[in-house]
Each structure stands twice: as C-alpha cells, then as structure tokens.
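Taking it in order: structure first as structure tokens, then the write-up.
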Amino acid sequence: MLPDFSRSLSRILHAPWWMLAIVAGVLTGLAVPGYHLQLLGLISLLPLLVLLDQDHEHSWKKRWLRSVMACWIVGTLVSLVGCPWIIHSSSVFGHLPIPLALLVGAGYGLEITLILWLELALPVLLIRKKGTSELLLRLFWFLMLEPAHPGLFHWSYGGLTFDGIPWISQLADLIGAPGLGLYVMGGHLWLIGWFRQAQSPTKLYPLKQAFGILLVLWFGGLTYGVLREQQLASIFPESGKSVRMISLQPNFTLQQLASNPALAYSTRNRNLSDLFSDSIRALDSLDERRSEVPVLLVWPESTYPAAFLKNESMRDKVEQFARLHHVFILLTSVDWEQDETDQLRFWGSAFLINPDGTLNGRYDKIFLIPFGEYLPLADWFPFYARWLRENVENMSEFEAGHEPKVFELSESMRISAPICFDVFFPEILRDMVRNGADGAVVLSNLAWFGKTNASRLMEMAVRWNAIENRVPLTLSSNNGPSFVIGAEGKFQTSRTEWFTQDYLIHTLSLQRHDSFYRDHALLVRGLWVCLWIGVLLFRRFEPHPSEASSF
C-alpha cells in the first residue's frame, strides 16, 4: 500500500511543469468569489509551489525563466476564469471584439503574475539550500509582501476570502485579512516539507511539531472568532448614534453605451424626476420612528443625471427636496476644471446635502480603475494612450482624490462615502475610520459588469473592510445587489436582487468597535518583517550545515 502511494505521489510531484501551472490557475480562478468554491483556495496554489520546488534541479537561467512562465500561466488563468467581469465590460461597453476582450482579461492577469512571482517564486530562486528555516523564510516573506498589493485581486486568490470559515475571518481585526495567509500559506509550506521528506526520507523536517503549531493556530483563531462574535452581539447601540438609511436601487440603464443593448439588463433611463419619485415612495414607507432619528437618502453611483456643481437648476431642485422632506441626501456626480494649459481635469465625487439644503461636503474618489477610469503610464507613452482614446469606446480619464473625507451627520455621527472600487484599496477606508468615520456607505454602479461575479468580489471586499475596521458598511448599488454588513462581518439585511428597481431601508447604528489592526496595521506588518529577519539571522543554527542562503 505504502509503495503504491509513494509511486502515485511521485508521479504527481513530477508532472510536467506546465500541467501543474494550469491546474493551479484553474483551481485559483474557481476559488475567486462567485463560484461558491472559495475553500478551493486552501489548496489552489499548492501545484504552483510544487512546481517551484522542483526547479532547484535545473540551471539558474532555466529556473528563473520557468518561474516567470509558470506564474504567467497561473495569473492569466486566474484572470480569465475568476474575473469574467473584465471581459464582459471590455466587450459590451468597450465595444471590443471578443478576442480583444479576452486579451484585455489576460492582460489583467499580468498584475497577478507579478504578485505571484514576487511573493512565491522569488524567495525560492534566491534561497539556494532547502530546509526548515527556508520554509519559514518563505512564509514570512509572503506575509510581508501580501499587504503591499491591494488592488483588484488582493483578497481573491489563495483562499484568503475564507467565506466558508466565518470564525477564522474575525482574526482580521488582529492581523488583517492579508495576515490570514498565515493559515493558507502555512499549510501549503507544511505540505511542501512533507512532500520533500516523502521523496528523501534521510532529510528530516520537524513535521509533527509544525503540524501541532498549525493545529494550535487554527484552534486559537476559531476560538477567538467565536468569542469576538459573541462580544460584538452583546453590545447595544449607543443613544444618538443611529440613522435611518434609505438606499435607492433605481436600476437605471447603461443601454445607450452598450454594444449589445440586451446585455445591459435594464431599460430604465436615468432622470431626476424618477429619482425623486423613487425617493418619495421609499420615504412614504417609513414608520413613525422617522421623526426620532435623522434620515439619510442614498442615491448610488451613476444615478444622478447631471454634474452637481455645474448644473445649478438641478442642484436647486435637489436642495429643495432635501429641505421639503428634511433628509440628508448622499449622491455621486462628476466635476471638472480647466488647468493652466486649458486641459479639462475630471473627478468622480460624492456629495452630501444637509436637511436644510446646504452642502455638507465633498469626497473625490481616490482609487481609479486602470483603463476604466485612467490610462496607466499615459504621460510616458502618449502614442498608446492616443490609440486607446481613439479606438476604445467609453474611455474615461479622471483625476484621483487624496483626502479620505468624513461627513458629519451630527456631533456624534460621522460617515464616509467611498466610491465603488475604492473599497478594494483597504488603506482608504482605514484612513476614513481613523479620521473619525463611524461607518461608511459604498456608492457603486456594477451595471458595467453585467451578471458576473463582480458583485461577489465587491461583497467580499466590503465584508473584509467591515471586519478589519469594525464598523458597519452599506453597499448601495444602482443595479444591485445592495445590502448592509455589520461590524462583525455578517449581513444585517438581505441582498436586493440584480437589475431590479428596489430600495433598502435599515436603521444604521453608527459606532466603531475596537480593532487592533485598524489602529496598528504598520505594527502588524512590522511583526512579519521582524520574524523574517529573525529567521534569516538564525539560519546558521540550522541542523543541516549545508543550508547556506544567498540572502
């Protein structure tokens, strides 16, 4: 039995490198939220690590080239399998033929390629000799670099979503969502040590001790999660820190911008009259408690039909509506100004209007989507930028904001309003909460991505931000889904349906709870750096004297 197992294991470990890369790419793509297979992420990167571990048998040139090619295959497949929303948006709203849209999707895989190579392949290439301390160096290297790569795929690959293990996810307020890679990568590298020992029994690894440590970490993490959930559930809302929120879902269409109108999935044209009628219908459904707490009316991204600051007649109507119904109104719009060279500069912004009709404040979107909201390196390569502007439909170019704005609803209640993909850049919301926000409303329009898994990716990012910062978050979307997630990472409302006209009403308790990671993220990152340096310095005490390192 054992020899048969060893032979089977040997065949798997010595499979062609490209086959291992394909398996890793497909598994990791399927682990991206949307396919309900997130737990695949607990093993999805293992074939890539096995592949990289075999490369010590080849010349250094072949090792470096093969590592790049393997990470490129994995990154491309993760993008194509796990991110169909990129292809949908490029084809339907970028008006690109399907082959070019697939090429754009594969192009996004270059970001994942770079991240995988830096985090997983580079330490294998630089550490010449294998051993226990080498595996620890690779683990802490991964944990050091993981928080440095936010962006679109930061929490999507490698099982870091942990949707199926909710109690472990509560640790994100201690070590952050990237820190949960300790569990994923720790298990992966333990298996690498086990594979090595199975192939070469004379090379001993402390596998039993390492497995015991992993079990203790899992037990401790699950225990902490249970206790933390119970603690948060026992906290009652503070007096004077509640707001009645109405999040509209007008389901306005992007049909006029689509190459195939049927793939816009809605037909309702955007206009202020319908926004007002939808708002009145929702306001009329409020119960008698309306007079007891402030009312916040949310109009999601891309629902306001004009430039708020530039169109005075429409702005006057909005201000009158806020005064008449005595509500706060939160909306998004665009703004622009001319610079010294007469070039127009555009911003995507959120505006909050007070119940007396005055402007409370403005927030300019900080995180811009590459090629969707700005052209990377356009100043360096003007020819490619000019070609894109001339050949790609609906190309937008915005300026990035810089201030993590906080709006005051009262002396005791403050909210922020990140816009759409801002939520994928965790520093933005963290800075907003550290500046005083007690919660946030994420203003979004996911209609660009059709009925793909983009909404699940957004849901994942909202959930992690809520846990890391321990504040309630609302996702308010033009075409759905919309929902509220509490500080413990659980849904406080049901999701609205995709591409339906609807609204969400919920009493938000705007209060922050303790979060070590929110307040000391740099300290946590410093811990991984110190552990990595510590292992590097003490490598000379490795039991195997042949284990020298090129670090």
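The residues E229 and K490 are annotated as salt-bridged, a charged nitrogen and a carboxylate oxygen being separated by less than 4.0 angstrom. For the pair R463 and E468, the salt-bridge criterion is not met [side-chain N within less than 4.0 Å of a carboxylate O]. Ion pairing between a basic and an acidic side chain is recognised when a charged N comes within 4.0 Å of a carboxylate O; D422 and K365 show no such pairing.
Side-chain contact between N453 and P33: absent, with no pair of heavy atoms (C-beta onward) separated by less than 4.5 Å. P97 has its side chain within reach of L100: a pair of non-hydrogen atoms, C-beta onward, lies under 4.5 Å apart. For the pair N478/S444, no side-chain contact is recorded, criterion being any heavy-atom separation below 4.5 Å from C-beta on. In this structure, M432 and E427 have side chains that are not in contact, with every pair of non-hydrogen atoms separated by 4.5 Å or more. Counting only heavy atoms from C-beta outward, the side chains of L531 and W528 approach each other to under 4.5 Å. Side-chain contact check for L180 versus V184: every heavy-atom pair is 4.5 Å or farther apart. A 4.5 Å side-chain heavy-atom check between F449 and I86 finds every atom pair outside the cut-off. Using a 4.5 Å heavy-atom cutoff, the side chains of L473 and L429 are in contact.
Nearest approach of D519 to R434, heavy atoms of both residues: O-NH2, 3.8 Å. When all heavy atoms of R196 and G131 are compared, the pair lying nearest together is NH1-N, 3.7 Å. Annotation for H513 and A487: closest pair CD2-CB, 3.6 Å, computed over non-hydrogen atoms.
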Quiz prompt | Criterion salt bridge (Lys or Arg N to Asp or Glu O under 4.0 Å) on K451 and E497, from CA distance to verdict | solution = CA-CA 11 Å; K451 295 180 179 181; E497 296 295 327; over 6 Å; no

Quiz item: For R228 and D173, what are the C-alpha separation, side-chain angles and deciding distance, and is it a salt bridge (Lys or Arg N to Asp or Glu O under 4.0 Å)?
Solution: CA-CA 10 Å; R228 191 65 164 133; D173 72 357; 2.8 Å; yes

Quiz prompt | Test log, rule side chain to side chain contact (heavy atoms under 4.5 Å, CB included), inputs L143 and L182 | solution = CA-CA 7 Å; L143 293 171; L182 175 67; 4.0 Å; yes

Self-check item: Verdict with supporting geometry, D53 and R138, salt bridge (Lys or Arg N to Asp or Glu O under 4.0 Å)
Solution: CA-CA 12 Å; D53 205 55; R138 289 166 63 181; 3.6 Å; yes

Self-check item: Audit row: E459, R495, salt bridge (Lys or Arg N to Asp or Glu O under 4.0 Å) steps and yes/no
Solution: CA-CA 10 Å; E459 176 185 317; R495 300 182 187 91; 2.9 Å; yes

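S259 places a side-chain N or O within 3.5 Å of a backbone atom of V92 that can act as its donor or acceptor partner. Side chain of S91 to main chain of I98: no donor-acceptor pair is present (N/O by atom type, distance under 3.5 Å, no hydrogens or angles). The closest donor-acceptor contact from the side chain of S67 to the backbone of W64 lies under 3.5 Å. Using a distance-only test at 3.5 Å, with no hydrogens or angles considered, no donor-acceptor pair links the side chain of R518 to the main chain of V433. Put simply, the side chain of N260 gets close to the backbone of A262: a donor and an acceptor are under 3.5 Å apart. No donor-acceptor distance shorter than 3.5 angstrom exists from the side chain of S89 to the backbone of W85, with no hydrogens or angles considered. Side chain of T493 to backbone of V484: a donor-acceptor contact under 3.5 angstrom is found. Side chain of W17 to backbone of L48: no donor-acceptor contact under 3.5 angstrom is found. No donor-acceptor pair under 3.5 Å is formed between the side chain of H88 and the backbone N or O of P84. Of the possible polar contacts, none joining the Y517 side chain to the A177 backbone as a donor-acceptor pair under 3.5 Å is found.
Counting heavy atoms of neighbouring residues, nucleotides and ligands inside a 6.0 Å radius, atom CH2 of W117 exceeds 12 of them. For F211, the CZ atom sits in a loose shell: 12 or fewer heavy atoms of surrounding residues, nucleotides or ligands are nearer than 6.0 Å. Summarising the local packing, CH2 of W167 is surrounded by 12 or fewer heavy atoms from other residues, nucleotides or ligands at distances under 6.0 Å.
Ring-plane geometry between W190 and W194 is classed as parallel, the angle between the planes falling under 30 degrees on a 0 to 90 degree scale with a further cut at 60. Using the six-membered ring where Trp is involved, Y265 and F499 have ring planes that are tilted, between 30° and 60° apart.
Annotation: the span from I192 atom CD1 to K130 atom NZ amounts to 10.0 Å, rounded to 0.5 Å. Between E119 atom CD and C71 atom SG the span is 10.0 Å, to the nearest 0.5 Å.
At a cut-off of 3.5 Å, with distance as the only test, a side-chain donor of S302 or N445 sits close to an acceptor on the other residue. The closest side-chain donor-acceptor pair between T496 and Q249 falls under 3.5 angstrom.
Taking the six-membered ring where the residue is Trp, the centroids of F491 and F483 are separated by under 6.0 Å.
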